[in-house]
Amino acid sequence: GSEMMLLVAMAIDRYVAICKPLHYMSIMNPRVLGGLLLSSYTVGFVHSSSQMAFMLNLPFCGPNVVDSFFCDLPLVIKLACKDTYMLQLLVIADSGLLSLVCFLLLLVSYTVIIHSVRHRAASGSAKAFSTLSAHITVVTLSFAPCVFIYVWPFSRYSVDKILSVFYTIFTPLLNPIIYTLRNQE
């Protein structure tokens with residue numbers, strides 16, 4: 001949840017930098033930046049707390065081994081000794097709602113940026129699209145595994161091992177590479 005909100009904060013930063021460059025320093029002041037960071041931590045805490053609340057009353061009586069590298073809530077719920085169908089729906093709704101809201105905020109931000117960039121000179125548009133393409137690539141790398149994990153969260157087919165390796169190893173390694181490729185220095 002925090003990571004998704006940080007991506008939204010980065011999109012807001014890119015919007016202000018591209019669409020209102022002369023007002024950037026007055027808009028993105030330390031108070032606004034602190035608010036964006038605080039909202040990221042708050043959303044992450046609330047999301048994690050709600051996920052933990054789902055698990056508090058579950059009885060676990062069988063094997064206590066999660067068959068994956070990534071100990072995510074859908075995998076832990078599979079270990080419960082009772083019917084967890086309604087709980088599974090709540091987990092999908094909770095995580096899906098957070099992902100959907102963040103994705104829509106990102107989509108709106110990118111749409112506004114692309115619309116405003118199309119009406120500018122070619123040199124400024126190229127730089128803006130370069131910045132935007134790096135951020136869109138990182139967002140895609142972050143949201144793609146999330147979509148696959150939560151579209152089929154409780155299926156018998158286990159793609160979560162591949163996705164967890166991709167999400168925990170390759171995405172963090174690719175982030176610095178993606179952002180530095182567009183730098184001339």
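Every value quoted in this text rests on a predicted model; they were computed, and no experiment measured them. Residues: numbered from 1 along the sequence shown.
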### Summary
For residues 79-111, the ring pair (Phe, Tyr, Trp, His ring centres under 6.0 Å) pairs (sequence neighbours left out) are Phe103-Phe143, Tyr110-His135
### Task
Would you give the length of the straight line joining atom CE of Met28 to atom CG of Asp13, rounded to the nearest 0.5 angstrom?
4.5 Å
### Task
Keeping to residues at least two apart or across chains, list the ring pair (Phe, Tyr, Trp, His ring centres under 6.0 Å) pairs with something in residues 19-40.
none
### Summary
Distance col, row Leu87:CG vs Ile77:CD1, nearest 0.5 angstrom, shows 4.0 Å
#### Entry: Residue pairs fulfilling disulfide (SG to SG under 2.5 Å) with at least one residue in residues 4-67, sequence neighbours excluded
Cys61-Cys81
Distance-only check: which donor-acceptor pairs under 3.5 Å involve side-chain atoms of residues 29-36, not counting sequence neighbours?
unit_1: Asn29; atom_1: OD1; unit_2: Arg31; atom_2: N; d: 3.0
unit_1: Asn29; atom_1: OD1; unit_2: Val32; atom_2: N; d: 2.9
unit_1: Asn29; atom_1: ND2; unit_2: Ser26; atom_2: O; d: 3.3

### Task
Treat each ILVMFWY residue as a node, draw an edge where side-chain heavy atoms are under 4.5 Å apart, and state whether Leu98 and Leu6 are in one component.
no
### Task
Go through the structure and list residues passing side chain to side chain donor-acceptor pair (under 3.5 Å) with Tyr15, not counting sequence neighbours.
none
### Query
Any side-chain heavy atom of Arg14 sitting closer than 4.5 Å to one from Ser109?
no
### Query
When you measure from the side chain of Ser116 to the backbone N and O of Ile113, does any donor-acceptor pair fall under 3.5 Å?
yes
### Task
Looking only at non-hydrogen atoms, find the nearest pair between Val76 and Phe60 and report the distance.
O-CE2, 3.5 Å
### Query
Roughly how far, to the nearest 0.5 Å, is the CG atom of Leu37 from the OG atom of Ser2?
9.0 Å
### Message
I'd like to check the side chain to side chain donor-acceptor pair (under 3.5 Å) partners of Tyr41; sequence neighbours left out, ordered by chain and number.
### Response
none
### Query
Is there a side-chain contact between His47 and Ser95 (heavy atoms, below 4.5 Å)?
yes
### Query
Which atom pair, heavy atoms only, marks the closest approach of Ser99 to Met4?
OG-CE, 3.3 Å
